[in-house]
Visitor: 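Pasting a structure below so you can have a look.
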Number of protein chains: 2
Amino acid sequence: MNHTTGAAEDYLKTIYTHTEWQSDLISPSALAVRLGVAPSSVTEMVKKLAASGLITHVPYGPLALTDAGRLRATAVVRRHRLIETWLVGEMGYDWDQVHDEAEILEHAISDRLLEAINTRLGFPAHDPHGDPIPAADGTVLRPPAVLLAEATVGHAGSVLRVSDRDPAVLRELAADLIGPGTEFTLAAALTIVLADGQSRLVTPAAAASIWVTA
Amino acid sequence: MNHTTGAAEDYLKTIYTHTEWQSDLISPSALAVRLGVAPSSVTEMVKKLAASGLITHVPYGPLALTDAGRLRATAVVRRHRLIETWLVGEMGYDWDQVHDEAEILEHAISDRLLEAINTRLGFPAHDPHGDPIPAADGTVLRPPAVLLAEATVGHAGSVLRVSDRDPAVLRELAADLIGPGTEFTLAAALTIVLADGQSRLVTPAAAASIWVTA
DNA sequence: GCCAGAATTTAGGCTCACCGAAACCCTGCT
DNA sequence: AGCAGGGTTTCGGTGAGCCTAAATTCTGGC
Ligand SMILES: [Mn+2]
Ligand SMILES: [Mn+2]
Ligand SMILES: [Mn+2]
Ligand SMILES: [Mn+2]
């Protein structure tokens with residue numbers, strides 16, 4: 001009686017990822033924007049997900065996952081990120097090209113194929129963008145992080161993850177050899193110095209996409 | 001204006017494969033049985049496919065693909081068979097386990113991913129069951145074939161393909177080390193002698209699933 | 001040539017996921 | 001306190017794709 005369609009999976013996943021690196025709950029309208037659907041469509045799906053016990057929702061209020069919903073959401077996120085990792089690791093994709101393909105395949109592959117991929121990849125802990133890959137039981141290991149745009153000048157650390165929302169940002173950073181694991185010091189707003197002493201000017205869009213060690 | 005959904009793709013593919021190894025056109029009711037839908041559902045989809053110029057259909061008559069429809073159909077078949085080949089060749093699946101997964105993935109992977117898979121596999125000409133993999137332009141290389149069940153005693157040749165419809169048959173044949181390429185002589189009805197002199201008794205279901213060189 | 005039974009189509013309905021327009025609720029600002 | 005504007009929900013509709021039940025059409029056997 002609880003099948004969860006591809007559409008519902010995307011709603012759950014988006015509700016989950018919204019609170020992954022920041023703590024405020026998502027609103028129906030923000031969810032509509034992220035999913036590219038009308039607000040009224042969100043209202044409808046929210047009703048169904050709440051009726052299935054996957055989210056909680058007080059009318060006119062924000063959305064929150066229940067434990068059951070969080071488990072479903074992390075299962076989808078796990079698929080999405082393992083697929084992205086596989087596309088980059090084995091299929092010749094660049095990190096700015098994987099998101100759309102994963103967005104579809106995450107609803108199509110079987111558990112068996114997912115585990116075959118996972119095994120081939122050696123059970124990776126992070127996707128190409130540095131996002132943690134949830135374990136099958138829903139466990140997620142997420143270190144404390146700060147947005148580069150909000151870090152104070154002088155902050156030293158390493159890149160934890162880069163949002164994969166904007167492919168242009170990903171290409172920009174790839175050209176600059178910046179990615180998860182890159183060590184740096186924030187020399188000035190939008191200016192980082194890498195371990196080898198080279199400095200890089202990042203765009204505001206990039207600074208708002210890069211999360212670094214706290 | 002001509003997107004072809006996953007459902008429509010399955011209709012086209014099934015119409016195509018019905019005539020791949022035998023020459024009679026498929027009827028609406030046979031199509032309904034193969035797809036597991038009601039006959040009235042076929043009538044509806046047939047109307048849409050005919051309106052899109054992908055099939056021809058005279059009321060109460062059989063179904064036939066147009067050139068455009070055949071191209072679409074072979075594109076789906078190409079995906080299906082490349083995916084099956086990949087699952088067996090790289091992902092640890094047995095030949096009786098790939099069909100259902102391919103049935104779904106064939107509608108989900110991008111052209112780019114398909115070609116990446118094709119390249120990794122070295123541009124295979126046949127899937128694990130011996131079925132020809134259509135070229136991107138719709139070309140299919142299919143040798144003359146006879147159903148083993150209909151071959152005359154004394155017929156010598158090799159296995160060309162085994163229908164993947166019945167997993168039990170595939171497991172039976174795998175246990176007997178019979179598959180595409182296997183050379184044999186038909187010693188008696190349901191009894192074949194392999195190249196090494198060993199003889200095998202095949203079930204009627206298997207004999208009705210194995211196509212051999214004419 | 002007729003007609004019973006099978007195949008096919010039509011008719012009416014259903015669920016899912018979406019939409020725009022209109023109503024409604026809530027909040028923040030005066 | 002009052003209210004305007006934005007967020008949210010309600011309402012009526014759409015298109016896919018499926019269903020069952022009731023016509024309708026075709027055909028093989030008499
Ligand atoms: Mn998705
Ligand atoms: Mn990612
Ligand atoms: Mn198959
Ligand atoms: Mn399919």
Side-chain angles (χ1 to χ4, degrees), chain A residues 1-15 18-19 22 24-65 69 72-73 76 100 103-108, chain B residues 1-15 18-19 24-65 69 72-73 76 100 103-104 106-108:
Chain A
M1 65 177 69
N2 247 342
H3 167 245
T4 15
T5 65
E9 287 181 349
D10 280 338
Y11 280 81
L12 292 172
K13 185 184 59 163
T14 304
I15 294 169
H18 183 264
T19 45
Q22 49 205 39
D24 62 313
L25 296 177
I26 195 168
S27 67
S29 58
L31 184 52
V33 170
R34 280 242 208 151
L35 290 171
V37 300
S40 54
S41 302
V42 170
T43 302
E44 264 184 31
M45 182 63 87
V46 157
K47 259 187 265 182
K48 279 189 256 184
L49 295 175
S52 302
L54 297 170
I55 66 175
T56 58
H57 178 234
V58 295
Y60 296 94
L63 310 170
L65 295 169
R72 293 291 178 89
V76 182
D100 292 350
E103 196 60 52
I104 294 175
L105 286 180
E106 66 191 356
H107 312 294
Chain B
M1 63 176 70
N2 249 342
H3 166 246
T4 17
T5 66
E9 287 183 349
D10 280 337
Y11 279 81
L12 293 172
K13 186 184 58 164
T14 304
I15 294 169
H18 183 264
T19 44
D24 61 312
L25 296 177
I26 195 168
S27 68
S29 57
L31 184 52
V33 170
R34 281 242 208 150
L35 291 171
V37 300
S40 54
S41 302
V42 170
T43 302
E44 266 183 29
M45 183 63 87
V46 157
K47 259 188 266 182
K48 279 189 256 184
L49 295 174
S52 302
L54 297 171
I55 67 175
T56 56
H57 178 234
V58 295
Y60 295 94
L63 309 169
L65 295 169
R72 292 293 177 87
V76 182
D100 292 351
E103 196 60 52
I104 294 175
E106 67 192 355
H107 313 294

Visitor: Rounded to whole angstrom units, what separation is found between the CG atom of B/L49 and the P atom of C/dT9?
Guide: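 One finds 13 Å between P of C/dT9 and CG of B/L49, rounded.
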Visitor: Rounded to whole Å, how long is the line connecting atom CG of A/L31 with atom P of D/dT8?
Guide: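 Between P of D/dT8 and CG of A/L31: 10 Å.
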Visitor: Listed by chain and number, what are the side chain to side chain donor-acceptor pair (under 3.5 Å) partners of B/H18, not counting sequence neighbours?
Guide: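 Side chain to side chain donor-acceptor pair (under 3.5 Å) check on B/H18 returns nothing, list empty.
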Visitor: Would you please confirm or rule out a distance under 4.0 Å between OP1 or OP2 of D/dC18 and any side-chain N or O of B/S41?
Guide: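 B/S41 to D/dC18 OP1/OP2: no side-chain N or O under 4.0 Å.
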Visitor: Would A/T14 and A/R34 count as having a side-chain donor-acceptor pair, cut-off 3.5 Å?
Guide: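 Their side chains do not contain a donor-acceptor pair, so the 3.5 Å distance test is not met.
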Visitor: Think B/Y11 has a side-chain N or O under 4.0 angstrom from the OP1 or OP2 of D/dC18?
Guide: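 Checking D/dC18 against B/Y11, a side-chain N or O does come within under 4.0 Å of OP1 or OP2.
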Visitor: Nearest-Å distance, NZ (A/K48) to P (C/dT15)?
Guide: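 A/K48 atom NZ is separated from C/dT15 atom P by 11 Å.
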Visitor: Could you work out which one of D/dT8, D/dC19, D/dT25 sits closest to the side chain of B/Y60?
Guide: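 Out of D/dT8, D/dC19, D/dT25, the nucleotide with an atom closest to B/Y60's side chain is D/dT25.
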Visitor: Taking for each residue the nucleotide of DNA chain C bearing the nearest heavy atom, is the 5' side occupied by A/P59 or by A/V37?
Guide: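 Comparing both residues, the 5'-ward one is A/V37.
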Visitor: How many Å lie between NZ on A/K47 and P on C/dA17, as a whole number?
Guide: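 One finds 14 Å between P of C/dA17 and NZ of A/K47, rounded.
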Visitor: From CD1 of A/I26 over to P of D/dT8, roughly how many Å is that when rounded to an integer?
Guide: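 Distance check: A/I26 CD1 to D/dT8 P gives 10 Å.
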Visitor: Quick check: any donor-acceptor pair below 3.5 Å linking the side-chain of B/S40 to the base of D/dT20?
Guide: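 Side chain to base: pair present.
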Visitor: Is a donor-acceptor contact shorter than 3.5 angstrom present between the side chain of B/E44 and the base of D/dC18?
Guide: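 Such a pair is found, so the answer is yes.
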Visitor: Rounded to the nearest angstrom, tell me the gap between atom CG in B/D10 and atom P in D/dC18.
Guide: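 After rounding, the reported distance stands at 9 Å.
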